[in-house]
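Take a look at the structure set out below.
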Amino acid sequence: MCGIVGILGKAAVADQLVDALRRLEYRGYDSAGVATLENGRIERRRAAGKLRNLELCLSQAPLSGAIGIGHTRWATHGRPNEINAHPHATEKLAVVHNGIIENFHELRSELEAAGVRFETETDTEIVARLVTEEMRHGRSPAEAVAAILPRLRGAYALAFLFAGEEDLLIGARCGPPLAIGLGEGENYLGSDALALAALTSRVIYLEDGDWAILSRRGFEIRDATGRAVKRPVTWTPKSGATSDRGNYRHFMEKEIHEQPEVVQRTLEHYADLTSSRVATLKDAPFDWRQLSRASIAACGTAYFAGMIAKYWFQRLAHLDVQVEFASEFRYRDAPLDPDALMMVISQSGETADTLASLRYAKSFGQPVLSVVNVPTSSIARESAIVLPACCASLPCRPGRASARHA
Ligand code: GLU
């Protein structure tokens, strides 16, 4: 899971874009890039590897545009190199993308047959080319984006910057999260509130199918049918805890060293160690004693954590638990028992496959409990009950996501 940021600012935005991307480093990435408008023309700086490579690039060839987009990439299609790094650009626009365009092959073959040339191996470039073709046929940026979104299958958060349009950014969401940040005479797009934490604490999360047109003075959100819609403004604490590496060289090192403290704080919070009793989850829409069984869906390290949890659930609670690779789970078309519980684990709370497992379980009526580090994340917001890990500065309070969202 990687990151998106967009800024409609008052002065040069390149440094702010990189700063916002740094706040998303905790999600992991393999390359990064930014694009701004320089006298109306799209200019990009991109680099494989860490953000400091991008900063080096910017220090050698600075950008001065007051509007721009930035991206940290975790490659799904195409090698993690500079050519494949986002933003992808044509003479008309630049775009950054989180997610996967599953039908990019068909779309690419169609455009190639019509003579369109591609520069990268990514699925994302198809989005840039499709919008460009629409604009060549006389459509405005917003019309062009509206025309191509229904053609995309898969998962995406997208942010667009257009040549010659100094006061326009467009964002779209279907799957991975995207939020609008509200400033004073400035507006922003970001993957989450953390990305925008240094810029604003007022954010609006787009819902699936939404797309938004932003200027410095306002914004408009449309749903998948093109209807103008309103989404609630969420106030988020200006906390940099999760996004700050502290004195550690990288996030993995930080997380390893934080484990004893986090485990201790979490145990103290959820269990009364003197009576050896576990706190009851007051808002839980299920009764642990009535559960027929439970599943845990997660990816990577969180999957291993799930295997430990399975051992403890079986041994201490005699509850039958199965641990699932979230990346495989929904493709099995497994019938699920509504009397069973789905538990999902994700550090960022944005792991796309884990979020898809959550939604799959909900479609069978299963209650979902999530364990996440980011209480404003998509997984937290879509779970019936959330157990945030007790990091030093994050609220450690189980709760129903809807209450927190409001
Ligand atoms: N699928 C796109 C790529 O491989 C985006 C990956 C991402 O979410 O960073 O470039």
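Whatever order the structure lists them in is the order used to number ligands and atoms, beginning at 1. We number each residue from 1, following the sequence as shown. All values below come from the heavy atoms of this structure, side chains included, with hydrogens, waters and symmetry mates left out.
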**Request:** Assess Lys92 against Phe160: is NZ or CZ under 6.0 Å from the centre of the six-membered ring, and within 45 degrees of the ring's axis?
**Result:** no

**Request:** Classify the contact between Thr124 and ligand 1 as side chain, backbone, both or neither, using a heavy-atom distance cut-off of under 4.0 Å.
**Result:** side chain

**Message:** At less than 4.0 angstrom from any non-hydrogen atom of His71, what atoms of ligand 1 do you find?
**Reply:** 9 (O)

**Request:** Could you find the nearest protein heavy atom to atom 7 (C) of ligand 1 and give me its residue, atom name and distance?
**Result:** Cys2 SG, 3.2 Å

**Item:** Parallel, tilted or perpendicular, as decided by the 30° and 60° cut-offs, for the rings of Trp288 and Phe313
**Value:** parallel

**Sub-4.0 Å heavy-atom contact, Gly78 with ligand 1** = no

**Message:** Which residue in the set Asp192, Asp210, Asp208 passes salt bridge (charged side-chain N to carboxylate O under 4.0 Å, His left out) when paired with Arg173?
**Reply:** Asp208

**Item:** Nearest protein heavy atom with distance in Å, relative to atom 2 (C) of ligand 1
**Value:** Asp123 OD1, 3.1 Å

**Asked** Who's the nearest protein heavy-atom neighbour of atom 6 (C) of ligand 1, and how far?
**Response** Trp74 O, 3.3 Å

**Part of Thr76 with heavy atoms under 4.0 Å of ligand 1, whether side chain, backbone, both or neither** = both

**Request:** Give the ring-plane orientation class for Tyr360 versus Phe329, where under 30° counts as parallel, over 60° as perpendicular and anything between as tilted.
**Result:** perpendicular

**Message:** Quick check on contacts: which atoms of ligand 1 are under 4.0 angstrom from a heavy atom of Ala75?
**Reply:** 4 (O)

**Prompt:** Can you list the ligand 1 atoms lying under 4.0 Å from a non-hydrogen atom of Asn98?
**Reply:** 8 (O), 9 (O)

**Request:** Report the C-alpha separation of Ser31 and Asn84 in whole Å, then their side-chain angles, then the decisive distance to 0.1 Å, and conclude whether the side chain to side chain contact (heavy atoms under 4.5 Å, CB included) test is met.
**Result:** CA-CA 9 Å; Ser31 53; Asn84 290 330; over 6 Å; no

**Request:** Please determine if Ile100 has a nitrogen or oxygen closer than 3.5 Å to a nitrogen or oxygen of ligand 1.
**Result:** no

**Message:** For a 4.5 angstrom cut-off between non-hydrogen side-chain atoms, does Val229 reach Arg222?
**Reply:** no

**Message:** Checking the N or O distance criterion of under 3.5 Å, is ligand 1 in contact with His86?
**Reply:** yes

**Item:** Glu186 side-chain N/O to Ile7 backbone N/O, donor-acceptor pair under 3.5 Å
**Value:** no

**Request:** Mark yes when over 12 heavy atoms from residues, nucleotides or ligands other than Phe364 sit less than 6.0 Å from its CZ; otherwise mark no.
**Result:** yes

**Prompt:** Going by the atom numbers of ligand 1, which of them fall below 4.0 Å from some non-hydrogen atom of Arg73?
**Reply:** 3 (C), 4 (O), 9 (O), 10 (O)

